Structures are given as structure tokens and as C-alpha cells.
Amino acid sequence: MARAMRTAEKVCAERDLQLTPIRRRVLELIWQRHAPIGAYDILGSLKKHEGALAPPTVYRALEFLLEAGLIHRIDALNAFVGCEMPDSEHAGQFLICRSCQSVTELEDASITQLIRKKALAAGFAPDAQEVEIKGICAQCRKRADA
Ligand SMILES: [Zn+2]
Ligand SMILES: [Zn+2]
């Protein structure tokens, strides 16, 4: 997590973005979890540790982190995960475990390019493409075999 925070600081400094205390705190909470975390859980944790915050403040912080590429939104889980490689522009493909809800990010530019190419060929102008792949993760599969 310390490494993730350092990367976030670096990315923000390079792009002239401000990692304000609340943005930093929300990002820390997302990394602490090691699993996708929803906005309500983030609000709950903040409330426990630093007193109630207005939900819009937290939503704005999430919006900022998303735009900066520091986190991703997993629509299927209505939750957020930290991005391991925010310093490279990417769309991301996510392996989502149905059993433990863990999320692993694949970053394969060739998949992104192929989807873009196919979409354009169909006359469609794609502007966002997070790919969510559902299944059972390696650890859960091992557990099932045992
Ligand atoms: Zn990512
Ligand atoms: Zn799993």
C-alpha cells in the first residue's frame, strides 16, 4: 500500500493534480481493503475514524481518483479497486471471482486495441471500455479441489 500511495503521489505531481487529504484518505481505504469496496463502506469507514463526512465530498473524491486513473470502478460489484499501474494509460480487464468477489486486473493493450478496432469497424466510437470477466479465481478453485 505504501508503494501504491507513492505511485499516486508521483502520478498526481506529474499531471499537476492535487491529492488533497480527503482524496488521499479515500485512496488509502480502497487499498487497505485488498478487495473491491463500495462507496457506502468507504463512507462508513471514514465515519468511524474521522467523523461523518458529507457523502458528496466522498463521491467527488472517488470521481477525482477515477479520472486520475488511480482507481477503477467495477460495475458488476458496484465497487472500487485500486489500480496497480496508474502511470500507464489503459482501459483494463478485470477477472471477478463469483465466489470471493476478489478482482484481478489484467492490463493487456492488445485486448483493448482489438475491442477498439472491432467497435470502430462496426461504426461505433468507443470512449470507455472496462471489460469485466466473471468466474472463479485460482484460490477458490484450489479450495474447491481440496
Ligand atoms: Zn488499472
Ligand atoms: Zn475467489
Side-chain angles (χ1 to χ4, degrees), residues 1-46 48-49 53 55-122 124-146:
M1 179 174 115
R3 193 170 55 97
M5 296 311 294
R6 273 199 305 278
T7 310
E9 280 162 19
K10 199 186 101 206
V11 166
C12 286
E14 279 169 7
R15 301 190 204 150
D16 234 347
L17 298 171
Q18 264 205 308
L19 196 61
T20 59
I22 174 71
R23 291 168 177 173
R24 172 189 296 273
R25 197 63 197 105
V26 170
L27 185 60
E28 278 171 1
L29 281 172
I30 292 173
W31 276 111
Q32 259 164 23
R33 177 65 77 91
H34 294 293
I37 180 170
Y40 278 111
D41 284 345
I42 293 172
L43 276 165
S45 288
L46 287 170
K48 219 185 296 162
H49 298 289
L53 277 167
T57 311
V58 174
Y59 289 123
R60 275 198 301 273
L62 285 168
E63 207 56 48
F64 168 85
L65 296 171
L66 278 172
E67 269 169 40
L70 296 169
I71 59 172
H72 292 290
R73 200 190 130 79
I74 306 296
D75 284 338
L77 303 174
N78 195 12
F80 302 90
V81 288
C83 176
E84 310 252 359
M85 40 250 162
D87 26 16
S88 74
E89 194 87 28
H90 63 279
Q93 298 89 33
F94 304 94
L95 305 177
I96 303 166
C97 179
R98 285 187 199 283
S99 175
C100 71
Q101 319 261 286
S102 70
V103 172
T104 306
E105 181 173 358
L106 299 179
E107 191 211 353
D108 188 330
S110 67
I111 299 175
T112 307
Q113 277 156 21
L114 184 62
I115 292 175
R116 188 174 165 73
K117 208 175 109 192
K118 296 279 180 187
L120 288 171
F124 184 89
D127 56 22
Q129 49 152 300
E130 268 92 41
V131 180
E132 301 186 356
I133 301 134
K134 286 130 194 152
I136 304 295
C137 76
Q139 273 179 342
C140 288
R141 291 180 61 202
K142 229 181 278 165
R143 223 171 289 142
D145 284 345

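In each ligand, atom 1 is the first atom listed, and ligand 1 is the first ligand listed. Please read all numbers here as calculations on a predicted model, not as lab measurements.
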| field | the Zn ion (ligand 1) contact by E105, N, O or S atom under 2.8 Å | value | yes

| note | In short, E107 meets S88 closest at the heavy-atom pair OE2-OG, 2.9 Å

| When rounded to the nearest 0.5 angstrom, what distance separates OG in S45 from CD in E28? | 12.0 Å

| Which N, O or S atom name in H90 marks its closest approach to the Zn ion (ligand 1)? | NE2

| message | I want to verify a count. Protein N, O or S atoms less than 2.8 Å away from the Zn ion (ligand 2), how many are there? | response | 4

| Atom of H72 nearest the Zn ion (ligand 1) (restricted to N/O/S, atom name only) | NE2

| field | Gap separating the CD1 atom of I115 from the CD atom of Q113, nearest 0.5 angstrom | value | 11.0 Å

| task | Calculate, to the nearest 0.5 Å, the distance between atoms CD and OG1 belonging to E84 and T7 respectively. | result | 9.5 Å

| Which value, rounded to the nearest 0.5 Å, describes the distance between E9 atom CD and L17 atom CG? | 13.0 Å

| request: Check step by step if side-chain contact (heavy atoms from CB on, under 4.5 Å) holds for V26 and L46. | output: CA-CA 8 Å; V26 170; L46 287 170; 4.2 Å; yes

| said: Tell me whether Y59 at atom OH has more than 12 heavy atoms from other residues, nucleotides or ligands lying less than 6.0 Å away. | reply: yes

